[in-house]
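All of these numbers come straight from a predicted model, not from anything done at the bench. We name chains A, B, ... by the order of the sequence lines, and we start the count at 1 in each one.
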Number of protein chains: 2
Amino acid sequence: MSRKLNIGQAAAASGVSAKMIRHYESIGLIANPPRTEAGYRLYGDKEVHVLRFIRHARNLGFSVKQLAELLGLWMDEHRPSSKVKALAERHIDELQQKIQELQLMKAELERLVHCCHGDHRPDCPILEQLAQ
Amino acid sequence: MSRKLNIGQAAAASGVSAKMIRHYESIGLIANPPRTEAGYRLYGDKEVHVLRFIRHARNLGFSVKQLAELLGLWMDEHRPSSKVKALAERHIDELQQKIQELQLMKAELERLVHCCHGDHRPDCPILEQLAQ
DNA sequence: GTTGACCTTCCCATGATGGAAAGGTTTAGG
DNA sequence: CCTAAACCTTTCCATCATGGGAAGGTCAAC
């Protein structure tokens with residue numbers, strides 16, 4: 001009883017914008033869906049399921065490239081879960097590296113901000129440090 | 001005694017790539033430098049100083065837009081340091097928000113990874129969670 | 001039967017950075 | 001003095017994920 005949805009309805013049902021659905025199709029991440037006679041894309045439950053999977057992975061910060069791998073593993077009945085785990089661990093490492101970068105920036109900025117009076121006078125250790 | 005540098009030398013002296021120096025010029029972040037008869041850009045100590053300032057600010061994660069503000073304040077003899085401090089604090093907040101986002105992703109991923117056996121079998125809580 | 005809300009494709013923009021092509025200049029070595 | 005290497009110039013294209021908008025076709029409701 002799963003009647004087909006057009007792209008707007010599929011977007012609403014999956015949380016992926018229509019714009020991005022078309023984009024994912026154009027880069028080959030998802031299959032070309034069937035069309036109506038007028039050319040409207042039609043999505044069934046299965047396609048919406050894939051789109052939701054994509055949204056969840058994107059929410060966890062996976063790149064589209066990693067997404068392609070994840071989708072491949074998801075579709076593969078014979079995947080070893082070790083591959084999925086390794087992929088996720090690689091991503092965790094990337095996230096950690098990014099977090100650390102940002103934390104270093106933040107710590108340095110906080111140090112500078114604590115040194116700055118922040119009043120009407122022009123003297124400012126922040127600018128001085130940037131100018132070195 | 002500050003002889004003029006061409007763009008490659010200015011890049012080496014400031015740590016900003018020649019490519020980016022031209023880019024900053026094209027978007028109006030820095031002034032158009034004088035040129036030789038052949039059209040080569042020429043940079044003096046002052047310009048290199050500005051470029052170093054830019055690099056330091058970029059290293060702290062300031063956007064080019066914020067950079068324009070920072071440069072304006074740096075040049076302004078009558079700036080109130082409160083403005084610089086406010087700008088920096090705004091940036092700290094942005095960094096913190098980004099850090100938190102990434103930390104949430106990482107925490108969720110770690111939770112999933114800990115549930116996954118990571119062996120030759122296909123069963124994988126990570127994929128199951130993504131598929132929901 | 002018209003209007004509004006969809007859909008289609010195509011092009012452009014973001015932000016910071018790099019690559020490469022096609023052509024001119026300068027410099028060092030022979 | 002000539003040539004080759006190492007510069008410089010501009011212009012275009014690419015990244016990555018996303019959105020905006022235009023121009024035009026379609027569908028549903030009143």
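At least one donor-acceptor pair closer than 3.5 Å links the side chain of B/Arg79 to the backbone N or O of A/Pro122.
Scanning both residues, A/Leu51 and A/Ser14, for their nearest heavy atoms gives CB-CB, 3.5 Å. Minimum heavy-atom separation, A/Leu95 to B/Met105: CD1-CB, 3.9 Å. The two atoms that bring B/Pro125 and B/Cys115 nearest to each other are CG-O, 3.1 Å, heavy atoms only. Residue B/Leu60 comes nearest to A/Leu109 through the heavy atom pair O-CD1, 4.0 Å, listed as atom of the first residue, atom of the second, then distance.
Within the nucleic acid shown, B/Ser17 comes within 4.0 Å of sugar-phosphate atoms alone, with no base atom in reach, counting heavy atoms only.
The stretch residues 65-89 of chain B participates, sequence neighbours left out, in these ring-ring contact (aromatic ring centres under 6.0 Å, His included) pairs: B/His49-B/Trp74, B/Phe53-B/Trp74. Residues in residues 91-132 of chain B take part in these ring-ring contact (aromatic ring centres under 6.0 Å, His included) pairs, two or more places apart or across chains: B/Phe62-B/His91.
B/Leu29 has its CG atom 11 Å from the P atom of C/dT17, to the nearest Å. When the P atom of C/dT26 is taken as reference, atom CG of B/Leu5 falls 16 Å away, rounded to whole Å. Rounded to whole Å, the distance from NE2 on B/His23 to P on C/dG18 is 11 Å.
When DNA chain D is scanned 5' to 3' for any atom under 4.0 Å from a heavy atom of chain A, the first and last hits are D/dA17 to D/dC27.
B/Leu42 and B/Val48 sit in two unconnected hydrophobic clusters of ILVMFWY residues. Membership requires side-chain heavy atoms under 4.5 Å apart, directly or through other members.
In the region residues 47-68 of chain A, proximity to DNA chain D at under 4.0 angstrom, judged on heavy atoms, holds for A/Arg58, A/Ser63, A/Val64. Of the residues in residues 88-102 of chain A, not one comes within less than 4.0 Å of DNA chain D through any heavy atom.
Here the CD atom belonging to A/Gln103 is positioned 7.0 Å from the CD atom belonging to A/Gln96, to the nearest 0.5 angstrom. Here the CD-CG distance, from B/Gln97 to A/Leu102, works out to 12.0 Å after rounding to the nearest 0.5 Å.
In this structure A/Arg111 satisfies the side-chain hydrogen bond (donor to acceptor under 3.5 Å, both in side chains) test together with A/Glu108, sequence neighbours excluded. By the salt bridge (Lys or Arg N to Asp or Glu O under 4.0 Å) test, B/Glu69 is found to be paired with B/Arg90, residues two or more places apart in sequence or in another chain being considered. Residues satisfying the side-chain contact (heavy atoms from CB on, under 4.5 Å) test with B/Glu47, not counting sequence neighbours, are B/Tyr43.
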Please enumerate all protein N or O atoms sitting under 3.5 Å from an N or O of nucleotides 27-29 of chain C, with distances to 0.1 Å.
none

Under 4.0 Å protein heavy-atom contact, by nucleotide of nucleotides 1-12 of chain C - B base, S sugar-phosphate only: -----BSBBB--
What side-chain donor-acceptor pairs closer than 3.5 Å can you find for residues 80-87 of chain A, not counting sequence neighbours?
residue	atom	partner	partner atom	Å
A/Ser81	OG	B/Gly118	N	3.2
A/Ser81	OG	B/Asp119	N	3.0
A/Ser81	OG	B/Asp119	O	3.4
A/Ser81	OG	B/Asp119	OD1	3.2
A/Ser81	OG	B/Arg121	O	3.2
A/Ser82	OG	B/Asp119	O	3.4
A/Lys85	NZ	B/Cys116	O	2.7

Please table the atom pairs, donor to acceptor, closer than 3.5 Å between any side-chain atom in residues 24-40 of chain A and protein atoms at least two apart or in another chain.
residue	atom	partner	partner atom	Å
A/Glu25	OE1	A/Arg41	NE	2.7
A/Ser26	OG	A/His23	O	2.8
A/Arg35	NH1	A/Gly39	O	2.9
A/Thr36	OG1	A/Ala38	N	3.2
A/Thr36	OG1	A/Gly39	N	3.3
A/Thr36	OG1	A/Tyr40	N	3.0

